[in-house]
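Side chains included, hydrogens not; waters and symmetry mates left out as well; all remaining heavy atoms used. Throughout, a chain's letter reflects where its sequence line sits, starting with A, and its residues are numbered from 1.
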Amino acid sequence: MSLLHTPPNRPTSTSVQLMTTCLCDAFYADVAQATVEVLEFLGCDIELPEGQTCCGQPAFNAGDWESSRKVVRHMVKTFTGDKPVIVPSGSCAAMVFHGAPLAFEKEADLPEIQALANRTWELADFIVHGLGITEWPGKLKANMTFHRSCHLRGSRSPEAVATLFNSIEDLTVQPIDEVEQCCGFGGTFSVSFPNISEKMGELKIENLVACKPDIVGAADMGCMMHFGGMMDKRGLKTKRLHLAQILRDSLKNAGKI
Amino acid sequence: MKTKQKIDTVARDLSDEVHEANFIGAKMKSERRYAALGRDYADPDKLRETAGKIKQHTLEHLDQYLEQAEASFTRNGAKVHFAFDETAARQKVLDIMNEKGCKSMVKSKSMLTEEIHLLDFLEKSGKEVVETDLGEFILQIDGDHPSHIVTPIVHKNRRGIAKSFEREGLGEYNDDPETITRRARAHLRQKYLDADVGLTGANFVSAESGRIAIVTNEGNARFCMAANKVHIAMVGIEKIVPTDRDLALFLNLIGRSGTGQQLTVYNQFIGGPKRPEQPHGPEEMHIIFVDNRRTEVLASDCREILRCIRCGACLNVCPIYRQSGGHAYRSVYPGPVGAVLSPLLAGNRFPQLADLPKASSLCGACNEVCPVNIPIPDLLLRLRDKAKREGASEAMKGTPKLGMWATLCSQPSMWKTALTMGHTMNYIPTQLVPHPSAQSWQGTRKLPKFQGGDFRKWFKNRKKK
């Protein structure tokens with residue numbers, strides 16, 4: 001798959017940099033916090049580059065590549081060194097290792113962009129393929145469904161997410177209908193195409209809650225903000241948790257942290 | 001107030017009936033496709049990659065393979081023509097018909113002839129043309145256009161079709177699908193026999209042997225040429241594959257990807273007119289290779305789209321196509337492939353179709369199912385960039401301006417201030433947010449509570465411990 005090939009042979013280490021993502025920075029503090037707690041449980045030493053803002057994806061997807069490159073250049077300046085960069089978001093990770101190099105195809109500083117791309121990991125991918133954890137030592141008595149965020153597509157993340165969830169004691173993951181269907185967010189897409197986006201969101205929610213799960217999970221707060229925001233508007237109270245929160249909560253339940 | 005793109009408006013205004021037909025049709029095909037590929041091949045992705053590489057290789061040496069194909073067809077006794085644009089392509093067909101004194105034509109389905117508006121042109125030139133694919137025939141009597149590459153009338157239901165048949169004098173109202181099909185068959189059978197010339201497209205062309213390969217489920221392409229003296233095949237130059245052996249791979253993929261069939265019902269290989277020892281078949285075969293901006297596309301950074309084998313898999317799986325239908329794309333090729341191909345083939349009318357590449361949430365499903373592994377989302381993104389650089393107005397509608405945002409994201413101190421100030425957002429009622437698109441968004445979604453800077457504070461304090 002050419003869409004989101006994860007770069008091969010990425011450096012792995014327990015000394016890492018955390019890319020918070022702008023959504024967690026602005027809206028979802030607990031997701032970022034859970035990511036830190038999970039990584040620290042795994043023995044990671046975490047550096048949080050102060051100047052970080054956003055990965056540049058909104059402008060990239062909107063076709064404003066000039067603005068996007070401005071943000072990406074700032075990101076590259078902020079994440080210096082050679083430690084692995086961990087992102088608790090499939091779409092931000094994909095932006096760094098696929099989108100940014102595409103936007104810099106004809107630019108002189110492509111090698112610097114590529115270097116950052118080559119050491120960037122989505123969280124589940126890092127835990128499973130970077131640190132080699134294939135059994136998650138957590139425990140969580142719940143019935144859950146999971147939204148496979150589109151930007152995990154073509155990477156090793158969906159497989160990593162499944163590995164982690166399937167090994168959590170007492171956690172049941174129910175398959176959902178039409179798993180390949182997008183939730184309809186797509187960043188500015190949801191603003192430019194509001195009717196289609198809404199219809200897609202409705203379909204997604206229908207499939208996600210069909211089995212009346214205790215938890216709806218996702219590995220990307222972008223999708224969660226979209227279908228979660230629709231669930232809130234409709235008064236659907238099903239709990240929604242990010243992958244990092246599920247991993248952390250299950251550790252707490254098992255008395256590991 | 002909503003900021004809407006054209007496709008979005010069509011989706012909103014689509015009748016429930018048409019929406020359901022589009023949606024169910026697309027969904028069923030996708031399910032069958034996944035089942036057929038997964039059942040028969042241990043590693044379908046490898047197959048898709050191989051097929052993509054063969055097509056890419058052919059495109060990169062297209063001049064060479066075109067020459068080889070020309071030589072092979074000529075050796076087989078076929079006449080080879082090249083048409084640079086749609087005007088030349090249409091005229092070539094008319095010239096052949098006039099030269100042979102042909103008045104009527106039966107034709108099988110071809111998206112290329114839709115692209116160059118051949119039917120209209122021939123009818124205006126006084127020729128009778130009959131579409132023989134059942135779906136295309138229904139479109140023709142209704143003066144309608146295909147809404148899907150493979151199943152052109154996915155948007156229609158049998159009740160509407162029965163009414164059209166009644167109106168056209170094809171019997172009393174009867175919406176039984178088998179009756180409809182039998183009536184069409186009886187009607188078309190005479191047309192095959194009466195026609196002077198048969199026109200087909202080609203799904204693939206083998207440069208090695210000078211053969212075209214055509215797949216249908218109705219066998220109509222075969223009838224279009226069998227009973228006629230003249231057979232014209234109209235082909236886009238990108239349809240070439242190097243060898244006959246490659247056909248095996250592509251025929252296996254096209255059926256499974258398009259309709260979920262292991263193999264399309266009729267597969268034909270035509271390598272020229274009938275030979276003296278053969279009792280039946282066309283006495284002349286003309287093959288017209290059409291460029292119509294394809295070399296321009298080949299020179300662009302979206303050339304991978306020319307690998308497309310028109311299987312329609314990307315349409316069926318595309319959430320936007322499912323919600324809006326093919327006509328929303330205002331061009332011959334709908335869905336994800338159309339969103340790339342149509343603006344490219346439009347030449348200097350690019351700005352008018354520059355909104356099409358925006359009609360995607362970039363979910364990547366199209367790339368995942370594409371039998372020739374075209375990175376469609378990347379190509380959509382490249383076209384968005386092109387549209388922005390060229391200031392194409394259709395593309396700009398409804399897209400927020402992001403220059404200020406980029407400045408904010410490049411200044412950490414400004415960013416942090418904005419995060420802290422953002423807390424006031426929690427106290428502003430939605431209806432007071434000044435941007436119309438923000439209001440529309442929040443009509444059906446709730447924004448989460450603002451927590452700007454909270455995580456950073458937590459992280460800092462934790463480190464101090």
Side-chain angles (χ1 to χ4, degrees), chain A residues 1-4 20 24-29 32-33 36 48 50-54 56 58-65 67-68 70-71 73-74 78 102-103 150-151 153-154 178 180-182 184-186 188-201 225-226 228-230 232-233, chain B residues 2-5 7-9 11-12 27 45 317 319-320 323-324 358-365 367-368 373 375 377-378 381 384-385 387-388 395 397-400 402-403 405-410 412 415 419 422 437 440-441 444-456 458-459:
Chain A
M1 200 98 36
S2 49
L3 176 64
L4 301 170
T20 315
C24 288
D25 216 358
F27 296 111
Y28 302 104
Q33 197 173 314
V36 169
L48 186 72
E50 265 282 294
Q52 62 175 295
T53 57
C54 170
F60 176 67
N61 286 359
D64 186 353
W65 286 17
S67 292
S68 180
K70 194 169 165 183
V71 179
R73 284 195 172 105
H74 172 70
T78 312
L102 191 62
C150 294
H151 285 181
R153 218 184 271 277
E178 297 200 83
E180 81 284 354
Q181 286 282 299
C182 170
F185 182 42
T188 52
F189 168 81
S190 66
V191 177
S192 314
F193 297 79
N195 295 300
I196 298 178
S197 170
E198 274 168 41
K199 286 184 182 181
M200 287 164 69
M225 181 169 92
H226 186 244
M230 285 185 80
D232 283 340
K233 197 82 182 181
Chain B
K2 288 188 172 183
T3 315
K4 284 182 221 84
Q5 289 283 5
I7 293 185
D8 200 55
T9 318
R12 183 198 60 198
K27 181 172 186 258
D45 282 348
V317 81
I320 319 304
Q323 298 293 352
S324 60
K358 296 241 162 181
S360 165
S361 60
L362 302 170
C363 77
N367 179 209
E368 192 171 83
N373 203 27
D378 287 2
L381 281 158
R384 291 179 188 189
D385 169 50
K388 173 75 169 59
K397 281 181 196 162
T399 303
L402 291 153
W405 165 88
T407 305
L408 180 70
C409 291
S410 320
W415 175 259
L419 281 185
S437 55
S440 135
W441 205 86
T444 42
R445 308 156 182 95
K446 257 191 191 163
L447 263 185
K449 199 168 159 260
F450 214 82
Q451 305 179 330
D454 289 7
F455 166 67
R456 293 180 188 230
W458 173 86
F459 190 82

Task: Passing option when B/Asp8 is tested against A/Ser197, A/Ser192, A/Pro194 for side-chain contact (heavy atoms from CB on, under 4.5 Å) - done: A/Pro194

[atom1]-[atom2] distance between [X] and [Y], expressed to the nearest 0.5 angstrom:
X	Y	atom1	atom2	answer
B/Thr444	A/Lys199	OG1	NZ	12.5 Å
A/Thr53	B/Trp415	OG1	CH2	5.5 Å
B/Leu362	A/Arg153	CG	CZ	11.5 Å
B/Glu368	A/Glu180	CD	CD	8.0 Å
B/Leu402	A/Phe60	CG	CZ	13.5 Å

Where on [X] is there a heavy atom nearer than 4.5 Å to chain A: the side chain, the backbone, both, or neither?
X	value
B/Thr407	both
B/Ala387	neither
B/Leu381	both
B/Ala395	neither
B/Ser324	side chain

Is the side chain of [X] donor-acceptor paired with the backbone N or O of [Y] at a distance under 3.5 Å, no angle test?
X	Y	result
B/Ser361	A/Gly186	no
A/His226	B/Arg445	no
B/Lys358	A/Phe189	no

Task: Part of A/Gln181 lying under 4.5 Å from any heavy atom of chain B - done: side chain

Open item on the list: Under 4.5 Å from any heavy atom of chain B, what part of A/Thr20 do you find: side chain, backbone, both or neither?
Closed with: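 The answer is the side chain of A/Thr20.
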
May I ask you to name which of [options] has the most heavy-atom pairs under 4.5 Å with chain B?
options	value
A/Cys24, A/Pro58, A/Cys54	A/Pro58
A/Gln52, A/Glu50, A/Arg73	A/Glu50
A/Ile196, A/Asp232, A/Leu102	A/Ile196

Open item on the list: Minimum heavy-atom separation for A/Ala29 and B/Gln451, please, with both atom names.
Closed with: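 Nearest pair, atom of A/Ala29 first, then B/Gln451: N-OE1, 2.8 Å.
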
Task: Nearest heavy atoms of A/His74 and B/Pro412, plus distance in Å - done: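 Shortest heavy-atom contact: CE1-CG, 3.4 Å.
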
Task: With sequence neighbours excluded, residues passing salt bridge (Lys or Arg N to Asp or Glu O under 4.0 Å) with B/Arg456 - done: A/Asp25

Open item on the list: For chain A, which candidate among B/Pro448, B/Ser360, B/Ala11 shows the most heavy-atom pairs at distances under 4.5 Å?
Closed with: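 Result: the option with the highest number of such pairs is B/Pro448.
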
Task: Results of ring-ring contact (aromatic ring centres under 6.0 Å, His included) for A/Tyr28 - residues two or more places apart only - done: none

Task: Full working for side-chain contact (heavy atoms from CB on, under 4.5 Å) between B/Ile320 and A/Phe193 - done: CA-CA 10 Å; B/Ile320 319 304; A/Phe193 297 79; 5.6 Å; no

